[in-house]
Amino acid sequence: IFVMDRGYDDRKVIAFLDENDASYIIRSKAIRSLYYDNIEQPFKDVARKVKLRYKFKSDKAKMIAGITKIGIRIDSHPKKKDVNIASTYLLIARYVSKDKYGKDCLKGLFYLYCNFPNTNMTDEEMIKTAIKGYRIRWKIEEVHRQIKVSFGWENMQVMFWNRLVSLNALIFVAIGFLYSLNKYKIILAGIYPHLMLDKKKKINILKKFIYYRISLAISELLQNGKVIKNYRLRTSGLKKCS
């Protein structure tokens, strides 16, 4: 399944995917006109007709969602006759959170185009597949952002293609090693609580995307040349969480 951000909400991309019978999930810009009931209508008008009848919960996130079949004109310019239309689905989802009184309140909407040809998915199955797939794409985005921040990826300049390939290979070996150290995060938190934990020293932060903090701890270890042998945790709270 091809999973793409808003930059790929493009008629040429959608036409290519449609012609090749490809499965895809694309974050929508929510600006183009769509075909609904064989009539081209503004995006917002179509979106209002989608009923958010399905409820989901994952990773502490609650949301409601709905889906409907639509068409996207893939011609570069509008035609009065023989319009080329790609059939796809518009998925609309909205996060649900608690307000200060503990009641559910609705947050912002997000929109996805999705299509899974040669499958017999129900609407609910398509929604689950699309939301899960797009959330995985965001984790990939998180990895690339960390490479830029922790490794200074954008500050490195090379003049030849083979050097660029080698540089990227080395960086991803390094990031792979860094991520393998997740199993030592409790030990690292005991050695470097000021780097691994927040100001309140809450251990729960280790359940989140902790790799920025791990990179700081490993950098500190390497710079100081410390060798840790037979390290024993002195904090009972850290032992319990392990």
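Here, residue 1 is the first one in the sequence, and each next residue gets the next number.
- Grouping the Ile, Leu, Val, Met, Phe, Trp and Tyr side chains by contacts below 4.5 angstrom, directly or via other members, places Val50 apart from Ile31.
- Using a 4.5 Å cut-off between side-chain heavy atoms of Ile, Leu, Val, Met, Phe, Trp and Tyr, with links allowed through other members, Phe177 and Ile171 fall into the same hydrophobic cluster.
- Here Thr68 contributes atom OG1 and Leu90 contributes atom CG; the two are 7.5 Å apart, rounded to the nearest 0.5 Å.
- Other residues, nucleotides and ligands place more than 12 heavy atoms under 6.0 Å from the CZ atom of Phe209.
- Counting heavy atoms of neighbouring residues, nucleotides and ligands inside a 6.0 Å radius, atom NZ of Lys69 does not exceed 12 of them.
- In terms of heavy-atom proximity, Leu206 sits nearest to Ala189 at CD1-CB, 4.1 Å.
- At least one side-chain heavy atom of Phe116 sits less than 4.5 Å from a side-chain heavy atom of Thr129.
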Requested in this report: Starting from the C-alpha separation in whole Å, work towards a yes-or-no answer on side chain to side chain contact (heavy atoms under 4.5 Å, CB included) for Arg94 and Leu52.
Outcome: CA-CA 8 Å; Arg94 195 165 196 173; Leu52 309 184; 4.3 Å; yes
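- Residues in residues 164-181 take part in these side-chain hydrogen bond (donor to acceptor under 3.5 Å, both in side chains) pairs, two or more places apart or across chains: Gln146-Tyr179, Trp153-Asn168.
- In this structure, Asn38 places its CG atom where only 12 or fewer heavy-atom neighbours from other residues, nucleotides or ligands lie under 6.0 Å away.
- Residues Ile1 and Val3 are in side-chain contact: their nearest non-hydrogen atoms beyond the backbone lie under 4.5 Å apart.
- Atoms CZ and CG, from Phe151 and Leu167 in turn, are 11.0 Å apart once rounded to the nearest 0.5 Å.
- With sequence neighbours excluded, no residue forms a salt bridge (charged side-chain N to carboxylate O under 4.0 Å, His left out) with Asp123.
- Here the straight-line distance linking atom OH of Tyr184 with atom CD1 of Ile214 works out to 11.5 Å at 0.5 Å rounding.
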Under the side chain to side chain contact (heavy atoms under 4.5 Å, CB included) criterion, do Lys128 and Phe56 qualify, and how do the steps go?
CA-CA 8 Å; Lys128 286 182 177 180; Phe56 300 96; 3.2 Å; yes
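- By the salt bridge (charged side-chain N to carboxylate O under 4.0 Å, His left out) test, Glu141 pairs with Arg137, sequence neighbours left out.
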**Message:** Apply side-chain hydrogen bond (donor to acceptor under 3.5 Å, both in side chains) to residues Tyr24 and Asp18 and explain how you reach the verdict.
**Reply:** CA-CA 9 Å; Tyr24 61 84; Asp18 184 67; 5.7 Å; no
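- For Asp10, there are no salt bridge (charged side-chain N to carboxylate O under 4.0 Å, His left out) partners two or more places apart in sequence or in a different chain.
- In this structure, Trp138 has no side-chain hydrogen bond (donor to acceptor under 3.5 Å, both in side chains) partners at least two apart in sequence or on a different chain.
- Checked against side chain to side chain contact (heavy atoms under 4.5 Å, CB included), Pro42 has the following partners two or more places apart in sequence or in another chain: Asp45.
- What you find for Ile70 and Tyr36 is that their closest heavy atoms are CG2-CD1, 4.2 Å.
- Looking at residues two or more places apart in sequence or on another chain, you find no side-chain hydrogen bond (donor to acceptor under 3.5 Å, both in side chains) involving Asn182.
- Under a 4.5 Å side-chain heavy-atom cut-off, the cluster of Ile, Leu, Val, Met, Phe, Trp and Tyr residues that includes Met159 is completed by Phe160.
- The number of heavy atoms from other shown groups lying within 6.0 Å of OH (Tyr212) is above 12.
- Qualifying side chain to side chain contact (heavy atoms under 4.5 Å, CB included) partners for Asp9, counting only residues two or more places apart in sequence or in other chains: Ile14, Ile26, Ser28, Lys29, Arg32, Tyr113.
- Looking at Asp75, its side chain does come within 3.5 Å of a backbone N or O of Asn84 through a donor-acceptor pair.
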ring-ring contact (aromatic ring centres under 6.0 Å, His included) between Phe110 and Tyr95, intermediate numbers included
CA-CA 9 Å; Phe110 66 92; Tyr95 284 101; 5.6 Å; yes
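- With contacts defined as side-chain heavy-atom distances shorter than 4.5 Å, the pair Lys185/Arg213 does not qualify.
- Side-chain contact between Ile127 and Met63: absent, with no pair of heavy atoms (C-beta onward) separated by less than 4.5 Å.
- Side chain of Glu125 to backbone of Thr122: a donor-acceptor contact under 3.5 angstrom is found.
- In terms of heavy-atom proximity, Cys114 sits nearest to Thr88 at O-OG1, 3.0 Å.
- Between Lys139 and Glu142, none of the side-chain N atoms (NZ, or NE/NH1/NH2) sits under 4.0 Å from a carboxylate O, so this pair counts as no salt bridge.
- Residues passing the salt bridge (charged side-chain N to carboxylate O under 4.0 Å, His left out) test with Lys148 are Glu154, sequence neighbours excluded.
- Leu112 contributes atom CG, which lies 5.5 Å from atom CG of Leu91 (distance to the nearest 0.5 angstrom).
- Under the 4.5 Å side-chain heavy-atom criterion for Ile, Leu, Val, Met, Phe, Trp and Tyr, Leu222 and Leu181 are members of the same hydrophobic cluster.
- The line from CE of Met126 to CE of Met121 is 8.0 Å long, rounded to the nearest 0.5 Å.
- By the criterion of side-chain heavy atoms lying less than 4.5 angstrom apart, applied directly or through intervening Ile, Leu, Val, Met, Phe, Trp or Tyr residues, Val149 is grouped together with Tyr211 in one hydrophobic cluster.
- Residues Ala217 and Met196 approach most closely at CB-SD, 4.0 Å, considering heavy atoms.
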Exercise for the section: Under the ring-ring contact (aromatic ring centres under 6.0 Å, His included) rule, what do Tyr111 and Phe43 come out as? Steps first, then yes or no, please. Expected result: CA-CA 11 Å; Tyr111 310 95; Phe43 186 96; 5.0 Å; yes
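- To the nearest 0.5 angstrom, Ile74 atom CD1 is 9.5 Å from Arg11 atom CZ.
- The side chain to side chain contact (heavy atoms under 4.5 Å, CB included) check on Glu40 picks up Ser33, Tyr35, Arg73, with sequence neighbours excluded.
- Qualifying side chain to side chain contact (heavy atoms under 4.5 Å, CB included) partners for Lys51, counting only residues two or more places apart in sequence or in other chains: Arg53.
- Here the closest non-hydrogen pair linking Leu195 and Leu216 is CD1-O, 3.8 Å.
- Between Ile131 and Tyr134 there is no side-chain heavy-atom pair separated by less than 4.5 Å.
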